[in-house]
Peer 1: 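Attaching a single structure in structure tokens format; questions to follow.
Remember, it's 1-based here, ligands and their atoms both numbered in the order they're listed.
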Amino acid sequence: MRIYDDLQLDYCDVLLRPKRSALTSRSEVNIIREYTFKWCPKTIKATGIVAANMATTGTFEIAKVMQANNLFTALHKHYSVEELTKFLRQNKKEHGNNDLIFISTGVNDKDFEKLQVMMKTKLVNNICIDVANGYSPYLINYVKQVREAYPDSLIMAGNVVTGDMCEDLILNGADIVKVGIGPGSVCTTRKLTGVGRPQFSTVVECADATHGVGGMVCADGGCTVAGDLCKSFCAGADFIMLGGMLAGHDESGGEICTKTFQTNELEPVGQNAYQVKLEEKTYKKFYGMSSQYAQEEHYGGMKKYRASEGKEVNLPLRGPLEPTILSILGGIRSCMTYIGAKRLKDMPKCATFYRVSRQLNTIFD
Ligand code: 5GP
């Protein structure tokens with residue numbers, strides 16, 4: 001029996017050490033990075049935050065807000081060819097290009113057929129190849145197939161959590177490897193299967209391996225606050241994919257429901273008569289893409305041999321997405337001034353971490 005003894009860390013297990021820095025203001029740092037890739041010949045200037053290709057976050061509405069802030073979106077794969085084409089055509093007119101948009105695909109023949117149709121439109125060049133278990137041979141074979149068919153496309157593929165597999169994916173045609181198994185906010189893989197790896201250690205190892213062969217890494221899942229994104233960029237992530245942090249907003253997908261609660265207050269009803277005051281709260285559904293809810297919603301029911309590896313939650317409505325995004329970007333800029341990183345790309349080389357047993361004071365939470 002082999003047991004890896006090295007302590008595996010999550011974002012909550014570390015904090016960044018502040019450093020003497022000549023940067024005096026957040027306005028002196030640049031969070032726009034010029035991305036160049038191993039295979040795709042294109043250069044893209046943006047901040048490497050990607051809305052997850054979940055049905056609730058990889059939406060057209062979210063894409064517009066992300067794009068307006070120089071951030072990416074991986075559109076979910078449940079949009080039809082017609083819907084995608086219409087959006088991409090319009091977006092190209094409005095924004096000038098679709099460089100910040102990925103279309104998503106699974107790895108079966110039907111997925112490839114749809115991808116071929118989409119690529120024929122020449123409206124989009126970025127492809128997110130997504131399977132829950134990136135260790136299956138289907139993923140590597142599919143990456144090879146897509147790279148052969150579209151040599152100039154930008155390919156992101158995953159998910160895996162080890163350096164060896166990252167190298168394989170890059171060498172077989174991926175530009176970006178997506179890493180993370182089980183860290184997601186609505187993921188139950190670790191609970192159900194016992195498989196996974198703490199995300200901070202995953203990013204550190206995978207970034208090192210991936211950069212070694214000229215690729216890039218996208219840290220997928222597990223960010224709960226802006227500080228987690230700062231730690232992730234510092235650990236070596238070139239891109240970070242977000243689900244939960246973008247969910248529950250006006251632009252997010254998901255059913256809206258209202259619940260009624262009893263309060264501690266009484267309200268008068270007529271003379272000398274009172275009743276418990278009720279309060280209504282509105283929620284938006286957010287669900288894992290392999291949750292039972294998603295299976296029913298998008299695949300017409302749960303297959304018997306499959307287990308649900310995701311859950312559904314109702315989030316209190318959070319209003320428009322833009323303030324959330326601005327606060328995340330503000331956090332990253334501020335972190336850069338704390339550690340003396342002038343450019344996003346410089347964050348890992350400016351970073352030193354403390355391993356901690358407690359990172360937050362939660363007395364008033
Ligand atoms: P979050 O930012 O919410 O922590 O994580 C988002 C990521 O969780 C997604 O990009 C995806 O990789 C992962 N994810 C989404 N739905 C599911 C699911 O049903 N099961 C599992 N295992 N992972 C999921």
Peer 1: Name the residues in contact with ligand 1, where contact means a heavy atom under 4.0 Å away: which are they?
Peer 2: Ala52, Met54, Asn159, Gly184, Ser185, Cys187, Thr189, Asp220, Gly221, Gly222, Met241, Leu242, Gly243, Gly244, Gly288, Met289, Ser290, Ser291, Glu309, Gly310
Peer 1: Determine whether a donor-acceptor pair (N or O, by modelled atom type, separation under 3.5 Å) exists between the side chain of Thr121 and the backbone of Met118.
Peer 2: yes
Peer 1: Taking the six-membered ring for Trp, are Tyr142 and Phe112 parallel (under 30°), tilted (30 to 60°) or perpendicular (over 60°)?
Peer 2: perpendicular
Peer 1: Could you pull out all donor-acceptor pairs under 3.5 Å where a side-chain atom in residues 264-281 meets a protein atom, sequence neighbours excluded?
Peer 2:
unit_1, atom_1, unit_2, atom_2, d
Glu267, OE2, Gln275, NE2, 3.1

Peer 1: Under the rule for side chain to side chain contact (heavy atoms under 4.5 Å, CB included), what residues qualify as partners of Asn108, not counting sequence neighbours?
Peer 2: Lys110, Asp111
Peer 1: Under 4.0 Å between a Lys/Arg side-chain N and an Asp/Glu carboxylate O for Arg147 and Asp175?
Peer 2: yes
Peer 1: Return a table of donor-acceptor pairs under 3.5 angstrom between the side chains of residues 194-201 and protein atoms on other chains or two or more places apart.
Peer 2:
unit_1, atom_1, unit_2, atom_2, d
Arg197, NE, Gln8, OE1, 2.7
Arg197, NH1, Val161, O, 2.9
Arg197, NH1, Glu205, OE1, 3.1
Arg197, NH2, Gln8, OE1, 3.0
Arg197, NH2, Glu205, OE1, 3.0
Gln199, NE2, Val179, O, 3.1
Gln199, NE2, Asp220, O, 3.4
Ser201, OG, Leu9, N, 2.7

